[in-house]
There are 2 protein chains.
Amino acid sequence: MKKNTDSNAGVKEIARRAKVSTATVDRVIHNRTGVSEKTKDRINKIIQELNYQPNVLAQRLALASRGTLRLAVLLPAISEETEYWKAPLEGVNKAESEIKQYRVQIERYFFDQNIKASFEEQAQRIMKAEPDGILVSPTFEEESKVLLAYCSERNIPCVLINSDISGYDRLSYIGPELFHSGYLSAQLVHYCVTKGQKVIIANIAREIDNNFAILRKEEGFRAYFKENLSEKLVLPFNSTDTDYKTVAAKLSKLLKTEEKLGAIYVTNSRVSLVAKWLEAVDRKDVLLIGYDFLDENVNYLEKGFIDFLICEKPQEQGYRGIMTLFQTLVYSAPAEENYLMPIDIITRANYKFYRN
Amino acid sequence: MKKNTDSNAGVKEIARRAKVSTATVDRVIHNRTGVSEKTKDRINKIIQELNYQPNVLAQRLALASRGTLRLAVLLPAISEETEYWKAPLEGVNKAESEIKQYRVQIERYFFDQNIKASFEEQAQRIMKAEPDGILVSPTFEEESKVLLAYCSERNIPCVLINSDISGYDRLSYIGPELFHSGYLSAQLVHYCVTKGQKVIIANIAREIDNNFAILRKEEGFRAYFKENLSEKLVLPFNSTDTDYKTVAAKLSKLLKTEEKLGAIYVTNSRVSLVAKWLEAVDRKDVLLIGYDFLDENVNYLEKGFIDFLICEKPQEQGYRGIMTLFQTLVYSAPAEENYLMPIDIITRANYKFYRN
DNA sequence: CTGAAAGCGCTTACAG
DNA sequence: CTGAAAGCGCTTACAG
């Protein structure tokens, strides 16, 4: 077996040809100081000639002798209310198991989605811990900005997942493009309802007015109707109570005054509440669209009460977030500023093959 | 910085505790012969205690000193007829660039999808070359079986992508689950057409009767109609001519006798031919579903003549195929016998975010 | 059945 | 400004 053909020559070969040591070659490769212009040029020329590609394996292995990299992750806690956040965390775990060889340590912090102060508190803890990189789901805008400012100041890379904060320094945003997510849902509704049927857009969340994700999806949804049908067909439904009983009562009330109901679009993963209600009032004829590949939702998908689940790969968001931090910190690899997730459509017929 | 905490002790630490050399530890780890039961047990116990996890990096780096691994890939050539096969090849290329550090060499062989003999010929060339592993898209069943028999005999791992051959030894099948792909399409049609409308199922391919993929999708499609509507609504359309002119003429003829046409389901990537025809006869009202994220198809998706594209990640099939061979050959990692791809639904509203 | 030693390709602390 | 040597954690050919 040949080795050191041009295509896989290493630092040794370069050193030999340049009549220097591998240490000097290494210095040039990494643009470190302390090499005379003359030798630098000579070495660079040889690197060009050989089309040198570093062996990433060996690089990482050698790097392992350096200190541990500490990453902090700040995510909503998994609550009874929603298991959504399990998925990004699984993604983080998967990434961790892949890179733990390289002495990466991940510290996990959780906050209560409904309590602003808990976010603030955890953010403070992170800043005290001084990690090398941060992954955060910026549920609360103002409090997130504090964290982003801290990172910016100390040059700590910070990746946002699930929702973005504009106008602030961050390494990368990894998550859905919300407008088109709503727009797509409207398109599906359009395909499935008959002329003149009304559509409910249901926002079910503790906070709606500050919930950028919900508002943006609604915008996209309405934009489609404006372009292709009429906004008059869209009936708003808002509930800041998120328990089944209240939601069901409110929906029943709305139903009384509305006979030509064709579809309901729920702007988040609470779609199972509506599905439960549809089951209770025995209305399989109403098209129901909502979010996220959660057990309960899939359950109603199977039964036929949910027609479409929209899903934006939450697991991959966590996974890719960690990997992005890692690549940046270890190899100074450039990161995509906006990594938008695909908008997956899941039905009763294809959910068995879905991979988060 | 600590090292050798229990969680990242290596062979050295094991050797120290067992009072043997690392070579012996290595033998035990890899179940090699030539170690006395007694020391074997002792070492295994320590491995358990320390919850030893090998450092994959170091493993691979050390392995690099062994010979080159030679993989053969047999795929349809990219033709003017369809650019579909570009994607799996790109996946192969991506995998190659990730693992080329480990001295893996990939030899690519291409055959003409329409010429059985060309498949045979290339298969012969591969068998002469005696590669360590094979990735093949088994377009021609009988000829593929010859290749599979060869692999089986010599214990060469073989991965099939895109379509499967049952009853033969192979390491793994990576590709779509065709029945549900057809079934899902029927479900989408069901959502979108109104009562009593007819649906054309269009098979456009040189060979139809031997084309397992097409037949199986049709089965799934019909099964849905049988369960939920009626098979009588399904009109067959077959064309073994794949040029636009012939297809268009045939379609126009069929259209004359059929007034209540609601949708057309094309069982492969030739959907753009039908889209072109719909454009020519100005029938945007007909729902059109077909396969694959090809430029031309996406073009018609954008224009509104294609409504849904079904896509089964062809690029990932190639990528994962190579990775599976690699993992198996290098680490004796177990492979999933059937790795079924998700069935992605792409529309005008989400195609911009799709990632093959 | 077992071990000492060299090697995979790169990086670094130290000495000059 | 430069180099010799050790090290990352694992594997292997060779010697006994």
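Chain A is the first sequence line, chain B the second, and so forth, proteins listed ahead of strands; every chain is numbered from 1.
- Atom CD1 in A:Ile43 sits about 13 Å away from atom P in D:dC1, given to the nearest Å.
- A:Asp26 has its CG atom 13 Å from the P atom of D:dG3, to the nearest Å.
- Nearest nucleotide to the B:Arg27 side chain, out of C:dT12, C:dC8, D:dA13: D:dA13.
- For the pair B:Ile29 CD1 and D:dT12 P, the computed distance is 12 Å after rounding to whole Å.
- Base pairing of C:dG3 is made with D:dC14, judged by Watson-Crick or G-U wobble geometry with both donor-acceptor distances under 3.5 Å.
- In this structure, B:Asn55 reaches the sugar-phosphate backbone alone: every heavy-atom distance under 4.0 Å involves primed, P, OP1 or OP2 atoms, never a base.
- In this structure, of D:dC10, D:dT2, C:dC8, it is D:dC10 that holds the atom nearest to the side chain of B:Val11.
- Under the 4.0 Å criterion applied to side-chain N and carboxylate O atoms, B:Arg17 and B:Glu13 are assigned as salt-bridge partners.
- Salt-bridge annotation for A:Arg108 and A:Glu96: present, with a side-chain N of the basic residue lying under 4.0 Å from a carboxylate O of the acidic one.
- Between A:His30 atom NE2 and C:dG9 atom C1' the separation is 11 Å, expressed in whole Å.
- Position along DNA chain C of the nearest nucleotide to B:Ala58 versus B:Ala23 favours B:Ala23 as the more 5'-ward residue.
- Contact annotation: B:Arg32 side-chain N/O to D:dT12 OP1/OP2 distance is under 4.0 Å.
- For A:Ser21, counting side-chain heavy atoms from C-beta on, the closest listed nucleotide (C:dC8, C:dT12, D:dG3) is D:dG3.
- Residues B:Val11 and B:Tyr52 form a side-chain contact, since some pair of their non-hydrogen atoms from C-beta on lies under 4.5 Å apart.
- With rounding to whole Å, B:Leu50 atom CG is found 15 Å from D:dG9 atom C1'.
- Of the candidates D:dC10, D:dC8, D:dG3, the closest approach to any side-chain atom of A:Leu61 belongs to D:dC8.
- Across every non-hydrogen atom of A:Met127 and A:Tyr150, the tightest pair is O-OH, 3.0 Å.
- Classified by interplanar angle (parallel below 30°, tilted 30° to 60°, perpendicular above 60°), the ring pair B:Tyr354/B:Phe293 is tilted.
- For C:dC1, the OP1/OP2 oxygens have no side-chain nitrogen or oxygen of B:Thr24 closer than 4.0 Å.
- At the heavy-atom level, B:Thr33 lies nowhere under 4.0 Å from the strands shown.
- Between the P atom of C:dT2 and the CZ atom of B:Arg42 lies a distance of 8 Å, rounded to the nearest Å.
- Between B:Tyr52 and D:dC10 there is a side-chain N or O to OP1 or OP2 distance below 4.0 Å.
- For D:dT2, neither phosphate oxygen OP1 nor OP2 lies less than 4.0 angstrom from any side-chain nitrogen or oxygen of A:Lys19.
- Put simply, NZ on A:Lys12 is 14 Å from C1' on D:dA4, counting in whole angstrom units.
- Using a cutoff of 4.0 Å between basic side-chain nitrogens and carboxylate oxygens, A:Glu130 and A:Arg154 are scored as salt-bridged.
- Regarding contacts with the backbone of C:dG9, every side-chain N or O of A:Thr22 stays at 4.0 angstrom or more from both OP1 and OP2.
- Distances shorter than 4.0 Å separate none of the side-chain N or O atoms of A:Gln59 from OP1 or OP2 on C:dG9.
- Closest to the side chain of B:Ala62, from the set C:dT2, C:dG3, D:dT11, is D:dT11.
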